[in-house]
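We use all heavy atoms of the structure for the numbers below, so side chains are in, but hydrogens, waters and symmetry mates are not.
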Amino acid sequence: MSKFKCEVTLQQVTPMIHFQAEDYGACLRATDVKPRLDKYLSEREDIKSAWYIDQEKKGALDYRVCFSIGEHPKAYRSNEKNKNIKNLGPQVVFPEYFQDEYIELPKAYFGNMTSKKDAHEKYLDYLNIYREAVLFETEILMTIFSEHSDLLEIIRNNIEDFFLVNNFGTRSDKGLGSFYVSKVDDKDMTPSVEKIKNVVRRDVYKISLKPELQLTDVGIFSRTYKDKKGKTRYEKNCLDIINSMYSNMKSGHSIPKPPVTGYLLEEYYSGKRNDRDFVKDVVFDGGKQGDSYQYFRVYLGLCDHMDFLKGKYEGRCVKVTAVNRTTHEEIIDERKKIDRIPSPILFKVIPNEIVVIPEYDLSEEIKRRVQNISFKFVENAEGAEPFYLEAPADFSIDKFFKEFVKDQNHSEIFVSKDIKNVKLTKEKYKAEGGHK
């Protein structure tokens, strides 16, 4: 074991959405991982000022990170670019380590879209905008270098915890881009729900399935099976389950009939309609805004646009931007800008387990960030008129999530048409363990 180098072996669990999948070795990036690891480590009391690159501004700690996919990598990818390109132009060439069997693009990601009509412009969008899901079956090596051997020792003792409570890439809070540490130098590591509880120091929830639906692998391939009536069904995987459960959190259940209204509406804002109603009624149909609409779903995560993929408003899109509440002008101050707000509910996938981690501290941060902010909704069409909506000040993610769990576990609600009675089991934290 080197005094100034630490080798961390990583295993990928769920696909990562990557914008450069055709580049050899595209996986985790130091520019994504290191700033988050810096922030994670900086919360510790034993981090010395001398370890920062800039000892006055602090921020970045003085160590380097690089990633390697090894000599004989084996990986899977989706086929979004070439599937759409067809005969419009040359196909994209991917590295040979990708296997012939394609994985599905996770339903939680819906950024692969183009509105272009011209064939060449479509081709350019497929090349430059469309992304692929990437999953490495073989190990990924993370190497950390630092002249501060004591800092490196702290990293060595905490790197497993860091990866247990972080995902990477687009839609990471929905379970995408999940990795775990399998070895630090020569020491083997095994992820567990117990370890996750000790890192976050609070209760977490485990998604429990019926025995025949237990996750024996990540289940990312589009496989089919025959049900008892002989009907062909698509196998549900962990990302399907997460996507369905998160949709239920934000919008309420639609099965069984009559539909159960969204929890946010039912428990806290009876009579207050949500942002999707606002877009349909006011932005699209020109109805009166009034004061019955509130953007309370922002507390479960802000995205920069809303797409309508089916029904009356199929193909229409609205851009969402945070602006000054008083002037409705763009926010110039970088410290106050809100481009995206992450969800305070993190889904972490480890082998054979889906863990749900409510991040209550992040919820309070969101509440602070949306003060004095309005959200501008503008349809993605020439000359479209902007409309404005605000978030309520009294939302409680703690109360909301407890109500969601209670309703999920004590009703005949389906997570999807194919999987019934998916339960959220509380894993209680005992006040011991924690950061090393």
Cation-pi check for F308 against R276: NZ or CZ below 6.0 Å from the six-membered ring centre and within 45 degrees of the axis, yes or no?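 Yes; both conditions hold, so R276 lies above the ring face of F308.
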
Is it possible for you to check whether K39 lies under 6.0 Å from the centre of the six-membered ring of F162, through NZ or CZ, and within 45° of that ring's axis?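 Because its charged atom misses either the 6.0 Å distance or the 45° angle limit, K39 does not stack over F162.
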
Which of these passes side-chain contact (heavy atoms from CB on, under 4.5 Å) with F377: M306, E385, K319?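 Single side-chain contact (heavy atoms from CB on, under 4.5 Å) partner of F377 among M306, E385, K319: M306.
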
Out of V65, L28, T9, which one pairs with M142 under the side-chain contact (heavy atoms from CB on, under 4.5 Å) rule?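 Testing M142 for a side-chain contact (heavy atoms from CB on, under 4.5 Å) against V65, L28, T9 leaves exactly one candidate, V65.
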
For the residue pair L141 and V8, establish whether any side-chain heavy-atom pair is separated by less than 4.5 Å.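 L141 does not reach V8 side chain to side chain.
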
Can you tell if the side chain of K83 reaches within under 4.5 Å of the side chain of Y102, non-hydrogen atoms only?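 No, every pair of side-chain atoms sits at 4.5 Å or beyond.
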
When you measure from the side chain of [X] to the backbone N and O of [Y], does any donor-acceptor pair fall under 3.5 Å?
X: D23; Y: A26; value: no
X: N82; Y: V92; value: yes
X: K34; Y: L61; value: yes
X: Y123; Y: P90; value: yes
X: N167; Y: F347; value: yes
X: D285; Y: G287; value: no
X: E121; Y: A119; value: no

Could you note down all residue pairs passing salt bridge (charged side-chain N to carboxylate O under 4.0 Å, His left out) where residues 371-383 supplies at least one of them, sequence neighbours left out?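 As it turns out, the salt bridge (charged side-chain N to carboxylate O under 4.0 Å, His left out) pairs with a partner in residues 371-383, which skip direct neighbours, are R316-E379.
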
What I want to check is whether the side chains of Y52 and D38 have a donor and an acceptor closer together than 3.5 Å.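 The answer is no; no qualifying pair exists.
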
Among side-chain atoms of Y40 and N166, is any donor-acceptor pair under 3.5 angstrom?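 Looking only at side-chain atoms, N166 and Y40 do not form any donor-acceptor pair under 3.5 Å.
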
Inter-residue atom distance [X].[atom1] - [Y].[atom2], 0.5 Å rounding:
X: I154; Y: K48; atom1: CD1; atom2: NZ; answer: 8.0 Å
X: N198; Y: D161; atom1: CG; atom2: CG; answer: 8.5 Å
X: K86; Y: Q91; atom1: NZ; atom2: CD; answer: 10.5 Å
X: Q371; Y: R369; atom1: CD; atom2: CZ; answer: 12.5 Å
X: I350; Y: Q11; atom1: CD1; atom2: CD; answer: 13.5 Å

Donor-acceptor contacts under 3.5 Å from residues 130-138 side chains, at least two apart:
{"residue": "Y130", "atom": "OH", "partner": "N112", "partner atom": "O", "Å": "3.3"}
{"residue": "R131", "atom": "NH1", "partner": "T170", "partner atom": "OG1", "Å": "3.1"}
{"residue": "E132", "atom": "OE1", "partner": "S78", "partner atom": "OG", "Å": "2.5"}
{"residue": "E132", "atom": "OE1", "partner": "N79", "partner atom": "N", "Å": "3.4"}
{"residue": "E132", "atom": "OE1", "partner": "E80", "partner atom": "N", "Å": "2.9"}
{"residue": "E132", "atom": "OE2", "partner": "E80", "partner atom": "N", "Å": "3.2"}
{"residue": "E132", "atom": "OE2", "partner": "K81", "partner atom": "N", "Å": "2.8"}
{"residue": "E137", "atom": "OE1", "partner": "Y76", "partner atom": "OH", "Å": "3.4"}
{"residue": "E137", "atom": "OE2", "partner": "K74", "partner atom": "NZ", "Å": "3.3"}
{"residue": "T138", "atom": "OG1", "partner": "K74", "partner atom": "N", "Å": "3.0"}
{"residue": "T138", "atom": "OG1", "partner": "K74", "partner atom": "O", "Å": "3.4"}

Using the side chain to side chain contact (heavy atoms under 4.5 Å, CB included) criterion, which residues pair with S49? Sequence neighbours excluded.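 Once residues adjacent in sequence are excluded, the partners of S49 under the side chain to side chain contact (heavy atoms under 4.5 Å, CB included) criterion are K58.
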
Sequence neighbours left out, what passes side chain to side chain contact (heavy atoms under 4.5 Å, CB included) with K428? Give chain and number order.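 So K428 forms a side chain to side chain contact (heavy atoms under 4.5 Å, CB included) with D203, K426.
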
Between F400 and Y299, does the ring centre distance come in under 6.0 Å?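 No, the ring of F400 stays outside the 6.0 Å limit from the ring of Y299, centre to centre.
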
According to the interplanar angle, ranging from 0 to 90°, do the rings of F163 and F168 count as parallel (below 30°), tilted (30 to 60°) or perpendicular (above 60°)?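 Because their plane-to-plane angle lies in the 30° to 60° range, the rings of F163 and F168 count as tilted.
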
Non-neighbouring partners of R36 that pass salt bridge (charged side-chain N to carboxylate O under 4.0 Å, His left out), sequence neighbours left out: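 Residues passing salt bridge (charged side-chain N to carboxylate O under 4.0 Å, His left out) with R36: D32.
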
Could you pull out every donor-acceptor pair under 3.5 Å between side chains of residues 172-181 and any protein atom, sequence neighbours left out?
{"residue": "D173", "atom": "OD2", "partner": "S343", "partner atom": "N", "Å": "3.2"}
{"residue": "S178", "atom": "OG", "partner": "K348", "partner atom": "NZ", "Å": "3.1"}
{"residue": "S178", "atom": "OG", "partner": "V349", "partner atom": "O", "Å": "2.6"}

